[in-house]
Amino acid sequence: MEKEVFEKQLMEYLKGTLAPDKKEVFEAFLEQDADAKKQLEELGGVWESLEMLAVPEPSSNMDMQFFEQLDTEITKSATATTSWTEELKRMLGVLFRPQLVYSVLILGLGVLGGYFIKSGGSKANTTIETVNVSDTRELREKLVLTLLEQSSANQRLQGISEASKIVQVDEQVINALLKTLNNDPNVNVRLAAIESLSNYVNNPSVRQGIIQSIPNQESPIIQVTLANLMLALEEKGAIESFKKLLEKEELDTTVKKKIENTIASII
Amino acid sequence: MHQLTDNALMLKVKSGDLDKLGLLYERHKRRLFGFFYNMSGNANLSEDLVQNVFVRMLKYRHTYSGEGSFLAWMFRTARNVKYDHHKKNKELFQADLSSWDYKMVDNDNAIAQMEKKDNLLLLRKALMQLGEEQREVIVFSKLKEMKFSEIGEVLGCSEGAAKVKAHRALKELKRIVQKMEIG
């Protein structure tokens with residue numbers, strides 16, 4: 001039997017996928033060829049031992065995080081697919097409800113009442129409310145910074161999701177998000193950081209931070225996402241960074257084309 | 001009850017029925033976890049990488065054509081996730097031998113168990129000494145559900161070449177084990 005044919009059939013034999021007729025011929029061959037039989041025994045021993053190597057069960061945490069993430073995606077996708085006609089119907093439905101009439105009436109009474117009451121306490125109320133909003137923001141920012149430092153990618157993703165809930169973020173959070181974009185080992189976390197940072201592109205330091213991170217990115221998905229973002233923003237300042245990226249030899253050819261097109265479109 | 005095939009489920013995910021990814025996850029999470037665990041020996045990292053595979057499957061669902069084997073497509077995605085991980089961390093998987101275990105057989109006595117444990121630890125070490133590509137082909141070959149034609153699809157070679165690669169990897173593993181036994 002030819003060496004390569006023997007090697008292929010030996011693997012099929014060990015895996016148990018050799019067809020019955022071929023198996024018979026193979027076994028007959030083994031009986032006649034002592035070297036081949038010895039090889040089967042030796043390799044067969046290692047093959048069987050591999051069965052004994054145990055793999056632990058993944059933790060329930062993995063399931064929890066997967067389904068959490070899937071739920072978020074499903075919600076996102078459902079929101080995006082609600083058509084404008086459905087939205088219009090829903091709004092019209094609300095307008096013609098009798099509850100609306102009552103609500104307007106009560107609101108009118110409230111306004112009138114408010115007009116006649118002196119405004120002494122209202123100032124104090126506003127202050128308290130402002131303090132509360134600011135407290136919540138600070139707490140959330142602290143939470144974001146803590147979560148972004150965690151070793152689990154899922155917790156860092158959660159941190160970014162928390163950051164996206166803050167309307168006006170401070171420099172510290174921006175810097176933490178940019179640091180994540182530049183250094184996080186997990187590609188999904190980096191992607192989420194871009195998505196979150198894209199909410200604050202009106203802030204020049206965010207734009208600059210994203211542009212500066214372009215040449216450091218090695219993952220094709222990140223490179224393409226950044227190209228799409230810069231294209232959407234028509235950011236001419238990104239051209240130099242993209243050119244630096246194009247100089248990299250290991251750059252994926254599809255990404256290369258994408259970046260060249262992006263540069264051409266921005267110009 | 002008729003069960004939807006993996007291909008049919010993934011096509012449903014592609015058409016927007018994202019819920020079905022949960023079923024695919026339940027079917028394949030252990031297989032994927034086993035792949036990453038056998039490659040890295042690190043359970044926490046393996047869990048993270050399994051998540052990344054499904055995130056990527058969701059993200060690139062539009063590229064799924066439904067042709068060919070779903071298993072091969074999924075493991076190709078898993079390889080890309082592994083590749084990205086290496087690229088980002090600029091290091092290959094390192095073995096943490098302390099966490100490894102083996103499957104006990106009830107009728108083993110204590111001495112036989114110790115011996116078996118030693119042998120299997122040796123085998124683990126030998127497996128980690130194999131080049132990553134060879135380790136990968138061994139891990140795929142040991143998956144009962146995966147045919148050599150599918151392994152070829154994942155590795156980007158013919159079915160015959162996959163068998164030859166598996167044979168060479170197994171031979172190399174045996175050589176390393178023997179060398180370690182002598183040393």
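Quick caveat: nothing in here was measured; it's all calculated off a predicted structure.
- A:V173 and A:A163 make their closest contact through CG1-CB, 4.4 Å (heavy atoms, listed as atom of the first residue, atom of the second, distance).
- Only the side chain of B:Q51 comes within less than 4.5 Å of a heavy atom of chain A; its backbone N, CA, C and O stay farther away.
- B:R61 pairs with exactly one of B:L18, B:L11, B:L21 by the side-chain contact (heavy atoms from CB on, under 4.5 Å) rule, that one being B:L18.
- Between A:K22 and A:E12 there is no salt bridge, since none of the side-chain N atoms of the basic residue sits less than 4.0 Å from a carboxylate O of the acidic one.
- Contact of B:L123 with chain A is made through the side chain alone, with heavy-atom distances under 4.5 Å.
- Of the two parts of B:L143, only the backbone, made up of N, CA, C and O, holds a non-hydrogen atom closer than 4.5 Å to a non-hydrogen atom of chain A.
- Across all their heavy atoms, A:L157 and A:A192 have their closest contact at CD2-CB, 3.6 Å.
- Interface remark: of the candidates A:L10, A:L14, A:D63, A:V46, A:D63 forms the most heavy-atom pairs closer than 4.5 Å to chain B.
- Of the two parts of B:D19, the backbone and the side chain both hold a non-hydrogen atom closer than 4.5 Å to a non-hydrogen atom of chain A.
- For B:V177, no part sits under 4.5 Å from any heavy atom of chain A, backbone or side chain.
- Proximity to chain A (any heavy atom under 4.5 Å) is shown, for B:Y83, by neither the backbone nor the side chain.
- Between B:F75 and B:F140, the ring planes lie perpendicular to each other; the angle is over 60°, past the 30° to 60° tilted range.
- Inter-residue side-chain proximity for A:M230 and A:I214 is flagged as met; some heavy-atom pair is nearer than 4.5 Å.
- B:N52 touches chain A through backbone and side chain together, each having a heavy atom under 4.5 Å away.
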